[in-house]
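Structure record follows, encoded as structure tokens.
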Amino acid sequence: MNSENKAVRVRFAPSPTGDLHVGNIRTALFDWAYARHTGGAFIFRIEDTDRERVTDEYIKAAQDTLKWLGLDWDEGPEVGGPYGPYLQSQRMRIYDDWASKFLEQGDAYHCYCSSEELEARREAQKAANIAPGYDGKCRSVSESDLARYKSENRLPVLRMRMPEGSTTFKDLIRGDVTFDHNFVPDFVLVRGDGSPLYTLAVAVDDIMMRITHVLRGEDLLSSTPRQIRVYQAMGVAESDYPAFAHLPFVMGQDNAKLSKRNGEVSIAWYRERGFLPEAICNYLALLGWAPGDDRENVTMKELTELFTVERVHSSPARFDMKKLEAINGDKIRELKIDEFLERVTPFLINDGIISGSSGELAIVKMALPIIQERIVNLAEVSQMLKFLFVAKFEVEADSLPKIMDEQSQVVLRASIQALETLSSWDHGSIHSVLRTALIEELALKPRIAFGAVRIAVTGSHISPPLFESMELLGRDRSLARIKKAIS
RNA sequence: GGCCCCGUCGUCUAGUGGCCUAGGACUCUGGCUUCUCAAGCCAGCUACGCGGGUUCGAAUCCCGUCGGGGCUACCA
């Protein structure tokens, strides 16, 4: 029941009922990595049979997110492919045809039980301590009952008949898994209104799209016997079933499902905060998988080279923002300045720090080297470089008192005097002249003396390196700010 | 409740019977460096859920137990 000799075809098939979240993306990443590792195809399919919850907007967002992360697909929306369409909502005819076939073959049957009736019987089962699930009532319906249902205008659902016995399949991560059919009730394939359910659509599509490997979330593990049942009804040979691999969950800090309470879920949120796609992928790759050696810094290329399903864990992993941040910081430090500039510019413009003129960008580019190792995400750049661009300079409220004391004022006056004599305005000269004037002549500790100048010039007690900052700010503005700070 | 999955430092993990007095990374703590903040470097804390087996020898194999999670929909 495997497909060793066939070209690998892996699909990522989300049901976008919101922005793609961390768990979705970890699955997508593994799907993609496996396809790339094997030289197979990565297929992107949208499971939108539930149009009440899946919107066009979310579908569009899902595509953007995948593209942003660099998870390119070989078949799917936009690019098409030989087994399209790749939106389930456009494949209704196909599902209809199979559903009719299953009904004709006797694999499936119409069920007229109402939700209320089902609910009541489930309660009774629970009360009697019997495994809850459909009891098979409509497997055979008498003529008179049928007439009654029709007179009541009941719309039947289509149910798959689960035969006696059990289903065993090999999960690439967990080994053989067996489900006794006593605990896999007859399940619904088609709603009363005629629309197909996930249970029908996934199985049909995976077969028709020639999917060889299904890597998906662990939550779908127990639905696997139902998929296999559909394959059987479709007349698929066991050797043509896809291989399954159920990925462990990504959980929040408190061992519960990841949610806004214990870590942010939406990838869009991370993007806005200035996380790098390569950092997100690197971090997520390490959640449930490890290359086997001690490396933690993995590029997308290395991931595709090293990724195997066998090395995927079977146990769930907790999402750790701190580690993501650490990796993001590392990735930022690896950026070439031009690349760094390109990535950071949208944040600066969006925050209203710069308008994006070439003059501004030139200054930003000069400033980037001194802040590159000081930030954890791109969004922090605005705060770091604000002092270079503000039209109306003000010292931050919490820093202001720190330069009002007598000693600071002495420092500032001495600084002015020393700096005004300076012929060349570069950070080396600035540093040396201030050191002489403040550290040597006034006999002050560097952190005290330079601290006052820092606040006066940058407006904050935390800033990029002082002398480089002053060089970038320029002589006139630097001196003006120090003078202004002298009360 | 039933079925299924899972169980190594706080977190992510290495580990497939001896190389494990359990290694790496993140976090945390302390130190060095230092113009702030970082970065970097050094050091430290901390783990095989528990109980039985099997074996000369177990984190690794078996059984049990406890704990966590998923499913149990005309959601996916």
Side-chain angles (χ1 to χ4, degrees), chain A residues 13-15 17 47-50 52-54 111 113-115 118-119 122 125-127 129-134 155-159 171 173-174 177-180 182-185 187-193 195-199 201-202 216-225 246 248-249 251 253 255-257 283 286-297 313-327 329-330 333 370-376 384 431 434-435 438-439 445-451 453-455 458 460-469:
Chain A
S15 183
T17 56
E47 310 228 321
D48 57 344
T49 53
D50 185 355
E52 303 252 310
R53 302 199 300 150
V54 179
C111 169
C113 298
S114 69
S115 320
L118 293 171
E119 182 64 24
R122 261 198 296 274
Q125 286 168 326
K126 279 188 186 171
N129 214 1
I130 302 170
Y134 188 67
L155 293 173
V157 300
L158 187 69
R159 259 184 212 282
D171 186 285
I173 294 170
R174 292 153 212 280
V177 181
T178 301
F179 286 88
D180 190 311
N182 288 325
F183 307 108
V184 185
F187 56 97
V188 178
L189 296 166
V190 180
R191 293 187 180 89
D193 66 2
S195 62
L197 248 28
Y198 166 82
T199 47
V202 246
R216 47 146 49 159
E218 185 188 339
D219 49 333
L220 269 356
L221 182 63
S222 53
S223 77
T224 307
H246 289 92
F249 286 116
M251 297 190 303
Q253 306 291 328
N255 218 10
K257 263 182 108 170
Y283 174 65
L286 265 23
L287 232 43
W289 174 84
D293 51 28
D294 281 341
R295 87 180 86 182
E296 300 276 337
N297 190 330
H313 262 227
S314 51
S315 52
R318 248 126 331 231
F319 183 84
D320 181 8
M321 179 72 87
K322 282 281 196 297
K323 185 144 185 175
L324 205 211
E325 286 176 342
I327 290 177
D330 288 342
R333 266 159 245 132
I370 63 173
I371 62 167
Q372 190 163 20
E373 67 185 28
R374 321 188 117 70
I375 59 171
V376 143
M384 284 285 203
H431 189 176
L434 285 180
R435 193 213 309 277
L438 306 177
I439 312 305
K445 288 208 159 101
R447 71 181 293 137
I448 304 288
F450 296 147
V453 181
R454 176 189 316 285
I455 291 171
T458 70
S460 169
H461 65 281
I462 298 173
S463 83
L466 179 59
F467 314 112
E468 285 83 348
S469 296

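Letters go in sequence order (proteins before strands), and every chain restarts at 1. Remember, predicted model here, so these are calculated numbers, not experimental data.
Contact annotation for Ser463(A): base contact, defined as any heavy-atom pair under 4.0 Å involving a base atom. Thr178(A) comes within 4.0 angstrom of the backbone, heavy atoms only, and of no base. At the heavy-atom level, Pro464(A) lies under 4.0 Å from base atoms of the strands shown. In this structure, Gly288(A) reaches the sugar-phosphate backbone alone: every heavy-atom distance under 4.0 Å involves primed, P, OP1 or OP2 atoms, never a base. Using a 4.0 Å heavy-atom distance criterion, Val177(A) is classed as a sugar-phosphate-only contact. No engagement by Phe187(A) is indicated, since no non-hydrogen atom pair under 4.0 Å with the nucleic acid exists. Phe179(A) comes within 4.0 angstrom of sugar-phosphate atoms only, judged by non-hydrogen atoms across all strands, and of no base. Base contact: Leu466(A) has a heavy atom under 4.0 Å from a base atom. If you check every strand for non-hydrogen atoms under 4.0 Å, Arg216(A) touches nothing. Using a 4.0 Å heavy-atom criterion, one finds that Lys126(A) contacts no nucleic acid atom at all. As judged by a 4.0 angstrom heavy-atom cut-off over every strand, Pro132(A) is placed among the base-contacting residues. Counting any heavy atom pair closer than 4.0 Å across all strands shown, Ser460(A) reaches no nucleic acid atom. Base contact: Leu220(A) has a heavy atom under 4.0 Å from a base atom. Looking at heavy-atom distances under 4.0 Å, Gln125(A) makes no contact with the nucleic acid at all.
Side-chain to base pairing of Glu373(A) with G40(B): no donor and acceptor N or O lie closer than 3.5 Å to each other. No N or O donor and acceptor, one from the side chain of Arg174(A) and one from the base of C5(B), sit under 3.5 Å apart.
Rounded to an integer number of Å, the gap from CG of Leu286(A) to P of U13(B) is 8 Å. Rounded to an integer number of Å, the gap from CG of Asp171(A) to P of G70(B) is 18 Å. In this structure, Asp320(A) atom CG and C12(B) atom P are separated by 8 Å, rounded to whole Å. Residue Arg435(A) contributes atom CZ, which lies 10 Å from atom C1' of C35(B) at whole-angstrom precision. Distance CZ (Arg53(A)) to C1' (C74(B)): 13 Å, rounded to an integer number of Å.
With Tyr134(A) as the aromatic partner, Arg159(A) meets the cation-pi criteria of under 6.0 angstrom to the ring centre and within 45 degrees of the ring axis.
Between Arg447(A) and U36(B), a side-chain N or O to OP1/OP2 separation shorter than 4.0 Å is present. Here Arg318(A) does not reach the OP1 or OP2 of G10(B): none of its side-chain N or O atoms lies under 4.0 Å away. At G7(B), none of the side-chain N or O atoms of His313(A) fall inside 4.0 Å of OP1 or OP2 (strictly under the cut-off). Not one side-chain nitrogen or oxygen of Ser195(A) sits closer than 4.0 Å to the OP1 or OP2 atom of C74(B). Taking 4.0 angstrom as the limit, Arg333(A) places none of its side-chain polar atoms (N or O) nearer than this to OP1 or OP2 of A38(B).
Just one of Val177(A), Asp219(A), Asp171(A) meets the side-chain contact (heavy atoms from CB on, under 4.5 Å) condition when paired with His246(A); it is Asp171(A).
Across all strands shown, C19(B) remains unpaired; no Watson-Crick or G-U wobble contact has both distances below 3.5 Å. Checking G1(B) for Watson-Crick or G-U wobble geometry (two distances, each under 3.5 Å) identifies U72(B) as its partner. Nucleotide A58(B) forms no Watson-Crick or G-U wobble pair with any nucleotide shown, as no partner meets the under 3.5 Å limit on both distances. Pairing for A43(B) is with U29(B), a Watson-Crick or G-U wobble pair whose two hydrogen-bonding atom distances lie under 3.5 Å.
Ring-plane geometry between Phe467(A) and His431(A) is classed as parallel, the angle between the planes falling under 30 degrees on a 0 to 90 degree scale with a further cut at 60.
Judged by distance alone, with hydrogens and angles left aside, the side-chain atoms of Ser223(A) form a donor-acceptor pair with the main-chain N or O of Leu220(A) at under 3.5 Å. Checked by atom type and distance alone, the side chain of Tyr198(A) never pairs as donor or acceptor with a backbone atom of Asp48(A) at under 3.5 Å. Within the 3.5 Å criterion, the main-chain N or O of Ile455(A) finds no donor-acceptor partner in the side chain of Thr458(A).
Look at the C1' atom in both C4(B) and A47(B): the space between them is 28 Å, to the nearest Å. When the P atom is compared between G18(B) and C26(B), the two are found 29 Å apart, to the nearest whole Å.
Between Arg191(A) and Asp193(A) there is no salt bridge, since none of the side-chain N atoms of the basic residue sits less than 4.0 Å from a carboxylate O of the acidic one.
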